[in-house]
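The figures that follow rest on heavy atoms only: side chains count, while hydrogens, waters and symmetry mates do not. Since we're looking at a predicted model, the values are computed, not measured. To find a chain, count down the sequence lines: A is the first, B the second, and so on, and within it residues start at 1.
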Amino acid sequence: MSGLKPVQSPVDLPALEEDVLGFWDREGTFQRSQERGREGERFVFYEGPPTANGLPGVHHVLARAFKDCFLRYQQMRGRRVERRGGWDTHGLPVELEVERSLRIGSKQEIEQFGVEEFNRLCRASVVEYIDDWERLTRRIGFWLDLKTAYRTYDSEYIESVWWSLKQIHERGWLFRGFRVAPYCPRCQTSLSSHELAQPGAYRDDTPDPGVTVRFRLRDRPRTSLLAWTTTPWTLPGNLALAVGPEIDYVEVSQGEERLILARARLGVLVGEYRVERELRGQELLGLRYQPLFDYLPEQPGAFTVLPADFVSTEEGTGIVHTAGAYGEDDLRLCQEAGLQIRHTVGLDGRFLPLVRDFAGLAVKEADPYIIAELERRQLLYRSQPILHTYPFCWRCDTPLIYYALDSWFIRTTAVKERLLGHNRSVHWVPAHIRDGRMGNWLESLQDWNLSRARYWGTPLPIWVCPSCQRERCVGSLEELGLSPGTDVHKPFIDEVTLMCDCGAEMRRVPEVIDCWYDSGAMPFAQWHYPFENRGRFEADHPADFISEGVDQTRGWFYTLLAESTMLFDLPAFRNVVVPSLVVDEQGRKMSKSRGNVVDPFELITATGADAVRWWFYTTVSVGLEYRISAQRVTETAGRFLNLLWNTHAFLLRYAALAGWEPGGEEGTAPSHLLDRWILARLEETVAEAVPALDAYDANSACRAIAVLVEDTSTWYLRRSRERFKGAAEEVAESCSTLHRVLSSVACLMAPFTPFVADAIFRNLNPGAAPGEPVSVHLRPYPLPAAAGPRPALLAEMELLRRLAEEARALREQRRVPLRQPLGGATVRGAQLSPEARQVLAEELNVGRVLCPGGEAERPTVELDFELTPELIRDGLARSFARQLQALRRRLGLVPGEPVAVEYRADDELAEAISEHRAQLQEQCFARSLERRAALPEGAETLAVGDHPISVRLQRQGRPA
RNA sequence: GGGCCUUUAGCUCAGGUGGUCAGAGCGCACGGCUGAUAACCGUGAGGUCUGUGGUUCGAAUCCACAAAGGCCCA
């Protein structure tokens, strides 16, 4: 059995953590902790796969801290915890990085470069920073199995995704549609609504032209309908005008001309006008107008006024310009009116040749020319730039345009009610996300725009027959005659053809799928389900727990839910913890341009990972922003951890000094009030922490633990100090109690601050046999005893501490320092136990505490400030002791090292010293304590109260 | 335009179901302890709990409206 050894204090947290990491590696602590739960009930966690083509940020540390603490907690509770890592590998972000490195920027250039090589670079790029991710994961103590991490580009993974798409296709929920979607002309692909939901996609105060245009009526000279738009480039594609049948319109005259607009929008007119007549929108229907341009051919029904329910009088003129292909409402209206829709703009965002005057111009560039042309032809009524919110491509920053094109969709709207129901069954932390952010999103659900006209992604497994248009969705490699493990990415997959029943050769559609579908498929695709691991997946779904940042609400959380609902009619997870954003000290978003990005490695090197973790758990409630800086972390969490460390260092020092060792006395109940009190506080804390953690509330649990640690240091230890230096039984009892408390605190904190907790636990429990691994992470989590009434001593101690506070304030007011003993204190209105009175007497440094009886709502305390000569001498002796101790330290003596003391002092002080001689000698380890008339050179001159004193200390060899 | 969140001492934040809930930490001032000491502890000053109405015997706490900030959507 090895004894307890003193430790360094204060502790260097970052260095300690590096040591602990080494220990975990050597001992295989992570693996052992996994083995420990092998027989336990499963606890399923899904890791939201990051893309490793960029460096991790502090917000990743945040999410990982919350993941890790609940996994560690469940593991300590004996559950078998699944901790498989994963990497998201496909998608536009990856392509964009490669494009940058190749200094190219268009699909044509990629095609020229060669898709095979391009995708090969993508595959390499996506693991470029994987080492940094692994390093960070390890450094923050997030136990994750990265060796078996799934990757979304693996053939097995893709095959599972294909299988799922086939299921969806068979149910008729995977279809091709001509729809308007946000479209990035640079990436030349449309974006899904959850890509638009990425932070930063919408940008405020985007300038755009705001033009009000005359549409001249065919049958009424000098009369125009006024329409307003912020996208002049859509005007060449105009097919119709829309009005609200129930809206009130007016016809006004201005000079020679007549203008029609909504009555509520008269404010847009410039200059004098006269209202000539009022009319309902109904009366405008069917009016024919002259097209602004002649690029589009005439067709029945085109260039007329149509009724629409989306027309509002909030802005514009109440008459809406409708370009079939460049607005969702526009497209639907034109299709309902049976109009043929033709594009005026190509996939590259430039005008097609049929738009003769602007052909080849990018749409946004063309705006001023179009405005000028309208002005020249006197069709422009007014042009006034506006600022509004506008969407941009979340990866390449190009302004998006709304553009109709053929895309593949998943009919998520078909399962909307099931999604809402499953969402309601999920325990969200914080709770408001369920019906707020997520609920609202689901209420306004749209079909999922799944396809991407890009290169690096899971190929859409649909083969179409060019002759009979038959369409086949493939659900496995085998269906294609491919052997397992074949690379099925573009361009290889596009070579694979199928024989159609009609005899023609079916070819795959060119698109890949939204990479968000990949990550949403991880519950089954990570296991290559259903080709392998059927039982495993079925047992592991839905997950018990996931956690990601709030930006994933409409990202990964949604895709998980949507796919699980469509494929298995199940929610994908039962509990989800959603931390908010990490922002800088001033509360601003972190951005490279602002230069306020906090580097996670730098932060952790400065403060320690545990401090950062603890800070995340305790600084604010989940759901609020984290205003982070190294200084803030150190000042709160770092200080707290140091306090805990010092408390345990104190125990180690005195246990070592007394030769006390843990073991043997476990389970015995101590008798001293302070011991019983701190153990009751421990019990109370466990009873708070465990239910909180069961409810995924790390915040409350950590706060309760923090109060316990503070109670231990600032009250238990403060009042027990002398007992650690007293008689053997006293030392044993207090060491044993503090040992129990701190060992339990280490267990309680293990899920949150895994490094410090393990170091402290192992310092306190060095282990029975050499080589046998001892780690707090292999211990069970403390559990509350059966609920009972709150022990009375907790209330008594609360009262006692409040009374002590009052008494200290009284001393402060009278300027009587604590070291001056007083005769007594009187507590009125409460009966304290003799033990409690003793504790209070020691805290207040008074001879005795009286409780003359009686009960009061608010008990009070009084102090007897009368100083007797005896008390004064007592105070002098105490002051002398303090000076002696300081001197010992200055001379570099260690505790227990014996000395001989000689002093010269006046009679009054000498009397005080001789009166307390025995006590002084014991406290200061003085073999002798002699008064001299004169001292040789080298004596120290001190002052005790008003009395000068010279002292000489001599070493007496080493302590026994 | 809509949804959600936030607004409590100089700063960062706690304050289930309305009645010692006006708090903590940091900072500041003063002090104590003096073998946890490049540590620890205490005392004190500081807030009409964003504003305005309302419900109530009683509201930081519930309701309505407003303002400011943040996130998200349109």
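- As judged by a 4.0 angstrom heavy-atom cut-off over every strand, A/Y654 is placed among residues touching the sugar-phosphate backbone only.
- Within a 6.0 Å radius of CD in A/Q631, no more than 12 heavy atoms belonging to other residues, nucleotides or ligands are found.
- Glycosidic conformation, B/rG46: syn, with the torsion inside 90° of 0.
- Summarising the geometry of A/Q820 relative to A/G875, their closest heavy-atom pair is OE1-CA, 4.1 Å, with the distance given to 0.1 Å.
- For the side-chain contact (heavy atoms from CB on, under 4.5 Å) test, residues two or more places apart in sequence or in another chain that qualify with A/V620 are A/L624, A/Y626.
- When the nucleotides B/rA36, B/rA14, B/rG70 are ranked by their closest atom to the side chain of A/R703, B/rA14 comes out on top.
- Using a 4.0 Å heavy-atom cutoff across all strands shown, A/R815 reaches sugar-phosphate atoms only and no base atom.
- Computed from coordinates, the A/F557 CZ to B/rC72 P distance equals 14 Å when rounded to whole Å.
- At the heavy-atom level, A/Q883 lies nowhere under 4.0 Å from the strands shown.
- Summarising the geometry, the separation between CG on A/D584 and C1' on B/rU12 is reported as 14 Å, rounded to the nearest angstrom.
- Across B/rU52 and B/rU61, the matching P atoms stand 12 Å from one another, rounded to whole Å.
- In this structure a side-chain-to-backbone donor-acceptor pair under 3.5 Å is present from A/T234 to A/T231.
- Residues meeting the side-chain contact (heavy atoms from CB on, under 4.5 Å) test with A/E688, sequence neighbours left out: A/E684, A/A704.
- At a threshold of 4.0 Å, the pair A/R802-A/E806 counts as salt-bridged, since one of the basic side-chain nitrogens sits closer than that to a carboxylate oxygen.
- The distance from atom CD of A/E722 to atom P of B/rU34 is 9 Å, rounded to the nearest whole Å.
- At whole-Å resolution of the value, CG in A/L442 and P in B/rC72 are 18 Å apart.
- Rounded to an integer number of Å, the gap from CZ of A/F616 to P of B/rC13 is 13 Å.
- The distance between atom CD of A/E585 and atom P of B/rG27, rounded to the nearest whole Å, is 14 Å.
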At a cut-off of 3.5 Å, list every protein nitrogen or oxygen paired with a nitrogen or oxygen from nucleotides 61-63 of chain B, distance to 0.1 Å.
none

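- Side-chain rings of A/Y403 and A/Y326 approach one another, their centers coming within less than 6.0 Å.
- Taking 3.5 Å as the limit, the base of B/rU12 and the side chain of A/R632 contain no donor-acceptor pair of atoms between them.
- Rounded to the nearest Å, the gap between the C1' atom of B/rA39 and that of B/rC21 is 33 Å.
- Base pairing in RNA chain B gives the following stems of 3 or more Watson-Crick or G-U pairs, range against range and under 3.5 Å: B:1-7 with B:67-73, B:10-13 with B:23-26, B:28-32 with B:40-44, B:50-54 with B:62-66.
- Neither side chain, A/D435 nor A/W428, offers a donor N or O lying under 3.5 Å from an acceptor on the other.
- Of the two residues contacting RNA chain B, namely A/R653 and A/L581, the nearest-nucleotide position lying further toward the 5' end is that of A/R653.
- In this structure a side-chain-to-backbone donor-acceptor pair under 3.5 Å is missing from A/D711 to A/I678.
- Between A/A63 and A/S547, the closest heavy-atom pair is O-OG, 4.2 Å.
- A/T619 comes within 4.0 angstrom of sugar-phosphate atoms only, judged by non-hydrogen atoms across all strands, and of no base.
- Among the protein residues, A/E635 comes within range of the sugar-phosphate backbone only, with heavy atoms under 4.0 Å from sugar or phosphate atoms but none that close to a base.
- A distance of about 22 Å separates the C1' atoms of B/rA38 and B/rC30, rounded to the whole Å.
- With A/R811 contributing its side chain and A/P817 its backbone, the two residues share a donor-acceptor pair below 3.5 Å.
- When the side-chain nitrogen and oxygen atoms of A/R819 are compared with OP1 and OP2 of B/rC33, one or more of them lie within a distance under 4.0 Å.
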Inset, instruction - Encode nucleotides 38-43 of chain B as B, S and - characters from 5' to 3', where the letter depends on protein heavy atoms closer than 4.0 Å: B to the base, S only to sugar-phosphate, - to neither. - result: -SSSBS

Hey, what are the protein-to-nucleotides 2-9 of chain B N/O distances that come in under 3.5 Å?
unit_1	atom_1	unit_2	atom_2	d
B/rG3	O2'	A/N440	ND2	2.1
B/rC4	O2'	A/H432	ND1	3.0

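- Taking each heavy atom of A/F616 and A/F66 in turn, the nearest pair found is O-CZ, 3.9 Å.
- When all heavy atoms of A/V583 and A/E625 are compared, the pair lying nearest together is CG2-OE1, 3.9 Å.
- Between the C1' atoms of B/rA59 and B/rG54, the separation comes to 12 Å (whole Å).
- Comparing the C1' positions of B/rG47 and B/rG10 gives a spacing of 11 Å, expressed to the nearest Å.
- Shown here for A/L863 and A/A825, the closest heavy-atom pair between the two residues is CD2-CB, 3.6 Å.
- The separation of B/rG3 from B/rC13, taken at their C1' atoms, amounts to 26 Å, rounded to a whole angstrom.
- Rounded to whole Å, the C1' atom of B/rC63 lies 24 Å from the corresponding atom of B/rG1.
- Without hydrogens or angle criteria, A/R632 side chain to A/E585 main chain gives a donor-acceptor distance under 3.5 Å.
- Taking the C1' atoms as reference points, B/rA74 lies 44 Å from B/rG27, given to the whole Å.
- The 5' end of RNA chain B is approached more closely, in terms of each residue's nearest nucleotide, by A/L818 than by the other of A/L818 and A/T712.
- Rounded to an integer number of Å, the gap from CZ of A/R627 to P of B/rG69 is 13 Å.
- Electrostatic pairing of A/R718 and A/E843 counts as a salt bridge here, judged by a charged N lying under 4.0 Å from a carboxylate O.
- Spacing between atom CD of A/E843 and atom C1' of B/rC33 amounts to 11 Å, rounded to whole angstrom units.
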